[in-house]
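Report on the following structure.
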Amino acid sequence: MRAWAVGTPGPIDGGPLVAVERPVPEPGPGQVRVRVRVCGVCRTDLHLAEGDLSPRRPGVVPGHEVIGTVDRRGPDCTLVDEGDRVGIPWLARTCGTCRFCRSGAENLCTDPRFTGWDVDGGYAQFALVDEAFAYRLPDGLDDVDAAPLLCAGIIGYRALQRAELPPGGRLGIYGFGGSAHLTAQVAMARGATVHVMTRSAEARALALDLGAASVQGASDPPPEPLDAAILFAPVGTLVPPALEALERGGTLAVAGIHLSDIPVLDYQRHLFEERTLRSVTANTRRDGREFLAVAADIGIRVSAVPYPLDRADRALADLAHDRVDGAAVLVVGGG
Ligand SMILES: [Zn+2]
Ligand SMILES: [Zn+2]
């Protein structure tokens, strides 16, 4: 099969991603093989190719927003059938036995595996997945639109849950990229009033188009106090103004894996009156299932930019240089 692998990680223009021929993989116990139809391109793939994220396996095939059709089942599979359309997400496997897995917090598993990092992902014609970690996809979502939901969408949904927005509440969104614009749509469908803080004029226009009540600069105060806020921009200096914008009792959830340093907080201004600051780490399968159902239900709008599989290197370079207007998606083949 045709695939792409991370060769020697380095700057994207030096060609760290190499086109390879690999044998079509055979599914082991509890695994199914997926004939890949599309695979979304995530910024994490770029971090991996460029070496910001150290490779855990030489020659790994990136890609963790995979949509395809099951074409072979390994031994002991009971959950999905040949011919089913499934999604393969970032969370490839959890240990199932640590205290977090046993208590329903598998996002905090102490020994997780990730698709396109620990195990080969979807920049390829075929990929394997543990059937228990594959998502069934609602019919209302087409392949190209569904791919970006599998990573950006699910993590944004978890951040929204962690922000504990009350019904009909006022939500502030700081930073408005791939994940935020999906999360905003879910919040608005639930009746929230959404205020967006971002420096990008294009992002402000998109926010208004999707129904945001107001838009302003990255650290500007919103026009009313916020019951909850989500920080999507990886910018620690936005934490104090976001906390200050909260209503008493409000919660700020930080959605990113990385955040630059948070400045010194002032207890009275930023935390007193029971304001809460919390992080968001990965997601559970339950988050993923809930979000995909909601996304189909509300007819979520995704702006996807298709590339053929042969141009995966180009797609990553375009992402690196901010030349993609939307979410890049590799189109691998028909079903
Ligand atoms: Zn991702
Ligand atoms: Zn675990």
Side-chain angles (χ1 to χ4, degrees), residues 4 6 12 17 30 36 38-56 60-67 87-124 127 129-130 132-135 144-159 175 177-183 232-234 254-259 280-288 291-292 295 302-305 307 312 315-316 318-320 324 326-330:
W4 290 89
V6 178
I12 197 69
L17 203 64
V36 179
V38 305
C39 182
V41 175
C42 174
R43 194 162 284 276
T44 301
D45 307 339
L46 184 61
H47 290 316
L48 184 67
E50 296 202 310
D52 307 326
L53 199 62
S54 31
R56 295 215 192 154
V60 73
V61 176
H64 56 269
E65 298 177 340
V66 188
I67 310 279
I88 309 178
W90 174 238
L91 185 65
R93 196 175 305 153
T94 52
C95 76
T97 56
C98 73
R99 64 194 303 173
F100 302 102
C101 282
R102 283 185 287 121
S103 68
E106 65 182 358
N107 60 304
L108 299 178
C109 177
T110 55
D111 191 23
R113 296 285 182 272
F114 299 105
T115 309
W117 193 20
D118 298 294
V119 302
D120 285 338
Y123 285 30
V129 63
D130 286 17
F133 287 83
Y135 290 113
V144 170
D145 285 349
L149 303 182
L150 286 175
C151 180
I154 293 173
I155 191 72
Y157 180 78
R158 182 168 180 92
S179 191
H181 90 285
L182 299 171
T183 308
F232 285 102
V254 177
I257 294 180
H258 301 288
L259 188 70
V280 179
T281 299
N283 65 272
T284 63
R285 282 171 281 179
R286 182 179 160 185
D287 296 323
F291 169 69
L292 291 170
V302 181
S303 92
V305 181
Y307 288 79
L316 274 186
D318 285 352
L319 181 65
V324 193
V329 175
L330 303 177

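One-based numbering, in listed order, for ligands and for the atoms of each. The structure displayed is predicted, hence computed values, not measured ones. Quick note: numbers below take in every heavy atom, side chains included, and nothing from hydrogens, waters or symmetry partners.
- Ring geometry for His258 against His47 counts as perpendicular: the plane angle is over 60°, on a 0 to 90° scale with 30° as the lower cut.
- Listed for the Asp111 side chain is no donor-acceptor partner under 3.5 Å among the backbone atoms of Cys95.
- A donor-acceptor contact shorter than 3.5 Å is absent between the side chain of Thr115 and the backbone of His64.
- Shown here are the protein N/O/S atoms lying under 2.8 Å from the Zn ion (ligand 2), water excluded: Cys95 SG, Cys98 SG, Cys101 SG, Cys109 SG.
- Counting only protein atoms, the N, O or S atoms lying less than 2.8 Å from the Zn ion (ligand 1) are Cys42 SG, His64 NE2, Cys151 SG, ordered by chain and residue number.
- Between the side chains of Tyr123 and Asp45, at least one donor N or O sits under 3.5 Å from an acceptor N or O.
- The closest donor-acceptor contact from the side chain of Glu65 to the backbone of Cys39 lies at 3.5 Å or more, if one exists at all.
- Tyr135 does not carry Arg285 over the face of its six-membered ring by the limits of under 6.0 Å from the centre and within 45° of the normal.
- Put simply, the side chain of Val254 does not reach to within 4.5 Å of the side chain of Val280, judged on heavy atoms.
- For Arg286, the CZ atom is loosely surrounded, since the number of other residues' heavy atoms within 6.0 Å does not exceed 12.
- Of all heavy-atom pairs between Arg158 and Thr281, the closest is NE-O, 4.1 Å.
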